[in-house]
Structure formats: C-alpha cells, structure tokens
Amino acid sequence: MMQPVVVENETELRALIRARISELGTTYSEVERYAGLTDSAVAKLMAPSRIRGFGNRSLPLLLQALALGIARVEFIEDRTRAAKVRGRLAPRRRKASPRPPVHECIAEDFRQGNLFGSNTEDCAWRKHRKG
C-alpha cells in the first residue's frame, strides 16, 4: 500500500508516476491502453527532456489508471512574480462589495474527473448575489 506523498514540482510528479508504474509491475503501453491515451503518450510525459507536459485531459486519466488521487492542493505566492504583477496591475478604483460569511456555503466532495470544476452552484451566497 502506497503512503501519501507530497509533490512540490513537475519533476517530482514524474518521479512519483514512474515509481507507481514500477510498483504496479506494468509498462507505459499498458497504462496508455488502460487510460485511453494515445500510443507513446506516457513515454512522452515521462521523458527527461519534457517532450509533452501534463494537460487537463492526460493527468486525470493517468492518475485514474494508476489508482492515484489528489488529496490536497496548496497554493503559495511566488514573491518574485508577485512583485512584477503588483507593478503592472492597476489598483481597484472602488471598494469591493462585502460577501456573506463562507460558512453559508457548503460544497459537495469533488469528483476526480472534474478537478477544477465547481460544485457550489447552489451556495447561499450565489443565490444572494442573483436575488
């Protein structure tokens, strides 16, 4: 049984996927076939020279085929880029309207196939804004 792993960059994600394929005792072609990916897709994703990058289609299919899930996503500020962005973005001219407290909005668990989709359409604050 695999223990939870923290992945901090794409290189570590590739290493994790390579290790998982090895742990399962299978091949890239078998994973491609099972995931419904094109021939050589996994080899291109795993290549050290980065022939292809993970996309919104390939990553979920690959993770599902390897019985892996994403348990937590943590966002951090890139201070170098933030300094550049702050200098280029115009400041807000009016005050932001207050929103109801977050506790009024309860979302269902996310579905693996829709990592970035919203399942909070019926949240109280959305109803409040429309009405």
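None of the values given here were measured: they were computed from a predicted structure.
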Roughly how far, to the nearest 0.5 Å, is the [atom2] atom of [Y] from the [atom1] atom of [X]?
X	Y	atom1	atom2	value
Lys84	Arg86	NZ	CZ	14.0 Å
Leu24	Leu68	CG	CG	8.0 Å
Arg52	Thr38	CZ	OG1	5.0 Å
Leu16	Thr11	CG	OG1	12.5 Å
Leu13	Met46	CG	CE	6.5 Å
Ile21	Glu30	CD1	CD	11.5 Å

With clusters defined by side-chain heavy atoms of hydrophobic residues (ILVMFWY) lying less than 4.5 Å apart, directly or transitively, does Leu61 cluster with Tyr34?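 Different hydrophobic clusters.
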Honestly curious: do Ile17 and Val7 fall in one hydrophobic cluster under the side-chain, below-4.5 Å linking rule? yes
[X] to [Y] - nearest heavy-atom pair and separation:
X	Y	value
Ala43	Tyr28	CA-CD1, 3.7 Å
Arg57	Leu37	NH1-CD2, 4.1 Å
Ala41	Glu32	N-OE2, 3.1 Å
Gly53	Ser58	O-OG, 4.3 Å

Is there side-chain contact between [X] and [Y], with at least one heavy-atom pair below 4.5 Å?
X	Y	answer
Glu74	Ile76	yes
Leu62	Leu66	yes
Val6	Glu12	no
Glu77	Arg79	yes
Phe54	Leu63	no

